[in-house]
J.: 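I have a structure I would like to understand better, so I am pasting it below and will then ask my questions one at a time.
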Amino acid sequence: MMNVSMSDVSLLPYGLGSPDLVEFQPGYFVDREIAGDLQSLSSAADACGFQLRVESAYRSFEKQLSIWNRKARGELPLLSAAGMPMERPTDEEELMYAILTWSALPGASRHHLGTDIDVVDGAACPEGYEVQLTPAECEGMFAKFHAFLTERMDAGKSFGFNRVFVPGRGKIRPEGWHIAHLPTSRKRLEHFSLDVLRGIYERSDMECKQAVLANLPKLAEEYIYPYFV
Ligand SMILES: [Zn+2]
């Protein structure tokens, strides 16, 4: 979509360009730079009887745009803040905020970085259970695994991984299952520019584009910058 070098590191924060990815678990790709530390964390979990299972990893701009647009068009369900199915607002700005309740802006998802993953404890997951990635799971069947992660993080023994979506930062709800390799994500985010993101939107076929462009500085203060940690 852009006439620039595809290896350009400046495109990586937006889920564009060609990140150097490795397949960590079947179907789940991460930045090559974090693979060793993720393996170390996974081995530490194994040693304690857990099984670090990845539920989401790298996601491209196109993938996030597809999720966004399908929600905007009513092809995927919209959920309220309480997690209940809701009517699709007709006002574009209201629709935008409704999508933002559960989905990141394309080009501004931390999953674009290749350094962030959603994890559960495969050892505690009942046979055939479909993981939802909800606070209830974190506090329920995966509580011991999350306590293990928290303990490691607090002790500085989590190989660079930490939680990002914690209470008190911005408007994204807490996500205990989402962990980030901060040393690497900081490097990727050095190249982020809101002006570049604006340009990407202007050239994209994003739903609610006018509402997003009109509110972009405010959206960045609430949904993007608080999570550059
Ligand atoms: Zn996530």
Side-chain angles (χ1 to χ4, degrees), residues 12-16 19 21-31 33-35 37-38 41-42 45 50-68 70-71 76-79 81 83 99-122 125 130-143 145-146 148-150 152-153 158-186 188-189 192 219-220 222-229:
L12 300 184
Y14 317 101
L16 297 167
L21 301 173
V22 291
E23 192 171 28
F24 183 74
Q25 286 175 8
Y28 294 110
F29 292 82
V30 298
D31 190 297
E33 273 189 58
I34 78 157
D37 281 340
L38 184 53
L41 185 64
S42 177
F50 303 108
Q51 189 190 329
L52 184 151
R53 196 167 93 193
V54 177
E55 289 289 329
S56 184
Y58 172 76
R59 212 178 290 152
S60 69
F61 179 87
E62 288 306 322
K63 176 78 183 171
Q64 192 69 22
L65 181 67
S66 162
I67 294 168
W68 179 275
R70 282 184 288 155
K71 287 197 170 181
L76 283 177
L78 266 187
L79 300 179
I99 302 170
L100 279 169
T101 303
W102 292 103
S103 296
L105 279 166
S109 166
R110 286 195 54 106
H111 282 283
H112 293 328
L113 304 175
T115 59
D116 288 39
I117 50 173
D118 297 329
V119 291
V120 300
D121 178 17
C125 199
E130 201 176 317
V131 171
Q132 312 286 319
L133 296 177
T134 59
E137 287 175 345
C138 285
E139 291 152 20
M141 67 177 76
F142 304 135
F145 175 60
H146 285 296
F148 156 82
L149 289 177
T150 302
R152 283 252 160 195
M153 289 166 178
S158 52
F159 306 99
F161 289 93
N162 248 298
R163 295 199 179 86
V164 177
F165 301 114
V166 298
R169 281 191 175 146
K171 285 208 164 177
I172 299 179
R173 65 204 51 252
E175 293 185 3
W177 54 85
H178 183 116
I179 64 172
H181 191 265
L182 295 184
T184 310
S185 66
R186 283 185 192 125
R188 298 287 172 268
L189 288 168
F192 182 89
L219 294 176
E222 294 173 343
Y223 294 89
I224 302 176
Y225 294 143
Y227 307 98
F228 282 18
V229 291

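Indexing begins at 1, ligand by ligand and atom by atom, following the structure's order. Residue numbers run from 1 in the order of the sequence given.
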J.: Given ND1 of H178 on one side and NE2 of H111 on the other, what angle do they make at the Zn ion (ligand 1), to 10°?
T.: 100°
J.: Check whether any N, O or S atom of E175 sits under 2.8 Å from the Zn ion (ligand 1).
T.: no
J.: Using 30° and 60° as the class boundaries, would you call the ring planes of F145 and F148 parallel, tilted or perpendicular?
T.: parallel
J.: Look only at the side chain of R188 and the backbone of L12, and say whether a donor-acceptor pair between them is shorter than 3.5 Å.
T.: no
J.: Looking only at non-hydrogen atoms, find the nearest pair between L133 and W177 and report the distance.
T.: O-CH2, 3.3 Å
J.: Salt-bridged, R53 to E55, with N to O below 4.0 Å?
T.: yes
J.: What is the name of the N/O/S atom in D118 that sits closest to the Zn ion (ligand 1)?
T.: OD1
